[in-house]
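This report concerns only the one structure given below.
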Amino acid sequence: MAGDSWLPQLRSARKTALLGDGKRKIHYLFHNGKEMAEEYDMKTNQLLLRKWREKNALGAYGSWQVEVGEPAMPAVGTLDRELIKESSANPVFMRKDTKNSFQWRIRNLPYPKDVYSVSVEKDQRCCVIHTTNKKYYKKFSIPDLDRFQLPLDCTALSFTHANNTLIITYQKPPEILAAEEELQEELKKIKAANDGDGECKTQ
C-alpha cells in the first residue's frame with residue numbers, strides 16, 4: 001500500500017464506524033485481508049490511535065500492532081513483581097501526532113537535552129536517535145511517508161526534552177495534510193453503527 005494508491009485503497013476498504021467516549025472509531029478491512037483500526041477525537045478530528053493486524057500463514061489474525069497511540073501493555077499474570085517494577089523504568093517509545101506534525105515521545109529518558117542527537121537517514125528511510133553517553137539508541141520509520149512514497153526531509157525534524165521525556169517532531173508535508181483533510185471528509189460520510197437506529201453501518 002504505497003504512493004498514489006493509498007487514498008484509493010482507503011476509499012475502497014470496507015469501513016465500519018462507532019461513536020463513544022468522545023471518539024469516532026473507524027475499522028477498515030482491506031482487500032488483501034489486512035485490518036486497520038483508528039480512533040479520532042470527535043471535537044478536533046485529531047488521530048488518537050492507529051493499529052494494524054493481518055492473518056498469519058495459518059489464516060488466523062495476529063496481535064494488533066500499534067502505529068499511533070499508547071503502546072499496548074502486556075497482560076500481567078504471575079510475572080515477578082520486581083521485574084515489572086524494573087521494566088516500568090525503561091524508556092517507553094510512542095507516537096502521538098498533532099494536526100500539523102508527526103510526533104514521538106520517549107518517556108523515562110532523564111539525560112539533559114545536549115546528550116541527544118536526532119537525525120534522518122535518507123537511504124534507509126528512517127530517523128535515528130542516539131545519545132553521546134551511549135545509553136539510548138533507536139531507529140524508527142515514518143509509515144505515512146512510506147505509504148505516499150515521500151522523501152524524508154531533515155529540515156522538518158526537531159526535538160526537545162522536558163520532564164524526562166524526549167519529544168521528536170516532524171512537520172507533515174503538504175501532501176500528507178491535504179490527504180488527511182480529504183480523508184476526514186470521507187469519514188464524515190459514514191453513518192456510525194451505534195448512531196440512531198443501531199443498525200450496523202459499513203461503507
Side-chain angles (χ1 to χ4, degrees), residues 1-56 58-76 92-107 140-150 165 167-203:
M1 297 183 199
D4 296 337
S5 65
W6 176 237
L7 270 179
Q9 287 192 61
L10 284 176
R11 293 193 192 99
S12 63
R14 183 177 175 85
K15 296 183 282 290
T16 305
L18 291 171
L19 305 178
D21 301 324
K23 302 172 185 176
R24 178 187 289 110
K25 303 177 183 182
I26 311 292
H27 178 271
Y28 304 77
L29 178 60
F30 295 95
H31 296 306
N32 61 4
K34 276 191 176 183
E35 290 184 75
M36 180 175 76
E38 293 183 326
E39 293 183 5
Y40 292 89
D41 185 298
M42 289 179 62
K43 290 183 179 179
T44 64
N45 292 327
Q46 180 62 50
L47 177 66
L48 304 174
L49 175 71
R50 178 187 291 139
K51 58 185 181 179
W52 295 84
R53 71 175 180 177
E54 56 185 319
K55 291 181 179 179
N56 59 26
L58 300 177
Y61 276 107
S63 301
W64 286 100
Q65 302 298 314
V66 175
E67 180 180 314
V68 179
E70 286 279 354
M73 297 299 292
V76 177
V92 177
F93 180 89
M94 65 169 287
R95 177 172 152 186
K96 186 177 182 180
D97 292 354
T98 67
K99 182 178 180 180
N100 295 313
S101 65
F102 306 121
Q103 194 172 90
W104 299 264
R105 294 167 181 258
I106 305 99
R107 297 194 294 261
F140 63 96
S141 64
I142 307 179
D144 310 70
L145 298 184
D146 292 339
R147 287 190 282 264
F148 283 89
Q149 295 182 339
L150 294 171
T165 302
I167 302 171
I168 302 165
T169 300
Y170 188 102
Q171 295 299 318
K172 294 177 182 177
E175 296 90 340
I176 296 288
L177 292 171
E180 290 181 345
E181 187 173 339
E182 188 175 335
L183 178 60
Q184 282 303 315
E185 293 303 315
E186 293 277 337
L187 297 182
K188 289 175 183 176
K189 299 174 185 177
I190 308 173
K191 182 173 174 60
N194 58 345
D195 184 16
D197 56 17
E199 181 184 349
C200 186
K201 302 291 183 182
T202 59
Q203 180 174 307

Quiz item: What distance separates Glu175 CD from Phe148 CZ, expressed to the nearest 0.5 Å?
Solution: 9.0 Å
Quiz item: If we only count heavy atoms from C-beta on, is the Arg95 to Phe140 side-chain gap below 4.5 Å?
Solution: no
Quiz item: Is Met94 close to Val66 at the side-chain level, that is, under 4.5 Å between some pair of heavy atoms?
Solution: no
Self-check item: Minimal non-hydrogen separation, Leu49 against Leu47, with atom names
Solution: O-CD1, 3.3 Å
Quiz item: Between Gly20 and Lys25, what is the shortest heavy-atom contact and its length?
Solution: O-CE, 4.2 Å
Exercise. Please round to the nearest 0.5 Å and tell me the distance separating atom NZ of Lys23 and atom CD of Gln46.
Key: 13.0 Å
Quiz item: Between Leu29 and Thr16, is any pair of side-chain heavy atoms under 4.5 Å apart?
Solution: no
Exercise. Let me know which of Gln9, Glu38, Arg50, Glu35 forms a side chain to side chain donor-acceptor pair (under 3.5 Å) with Tyr28.
Key: Glu38
Quiz item: Closest approach of Ser63 and Arg53, non-hydrogen atoms and distance?
Solution: O-CB, 3.8 Å
Quiz item: If you measure from CE on Met36 to NE2 on His27, what distance do you get to the nearest 0.5 Å?
Solution: 9.5 Å
Practice problem: May I ask you to decide if the ring planes of Trp104 and Phe102 are parallel, tilted or perpendicular, using 30° and 60° as cut-offs? | Solution: tilted
Quiz item: Is a salt bridge present between Glu186 and Lys15, judged by a nitrogen-to-oxygen distance below 4.0 Å?
Solution: no
Quiz item: Is there a salt bridge (Lys or Arg N to Asp or Glu O under 4.0 Å) between Lys172 and Glu181 once you walk through the steps?
Solution: CA-CA 12 Å; Lys172 294 177 182 177; Glu181 187 173 339; over 6 Å; no
Self-check item: Value rounded to 0.5 Å, distance of NZ in Lys51 from CD in Gln65
Solution: 11.0 Å
Self-check item: Heavy-atom side-chain proximity of Leu150 to Ile142 below 4.5 angstrom
Solution: no
Quiz item: Taking atom OG1 of Thr169 and atom CG of Asp97, what is their separation to the nearest 0.5 Å?
Solution: 10.0 Å
Self-check item: Distance in Å, Ile190 CD1 paired with Ile26 CD1, rounded so as to fall on 0.5 Å steps
Solution: 5.0 Å
Quiz item: Is there a donor-acceptor pair under 3.5 Å between the side chain of Glu54 and the backbone N or O of Gly62?
Solution: no
Self-check item: Side-chain ion pair, Arg107 and Glu70, N-O less than 4.0 Å
Solution: yes
Quiz prompt | Over all atoms of both residues, closest heavy-atom pair of Met42 and Arg24 | solution = CG-N, 3.5 Å
Quiz item: Passes side-chain contact (heavy atoms from CB on, under 4.5 Å), Thr44 versus Lys99? Steps please.
Solution: CA-CA 9 Å; Thr44 64; Lys99 182 178 180 180; over 6 Å; no
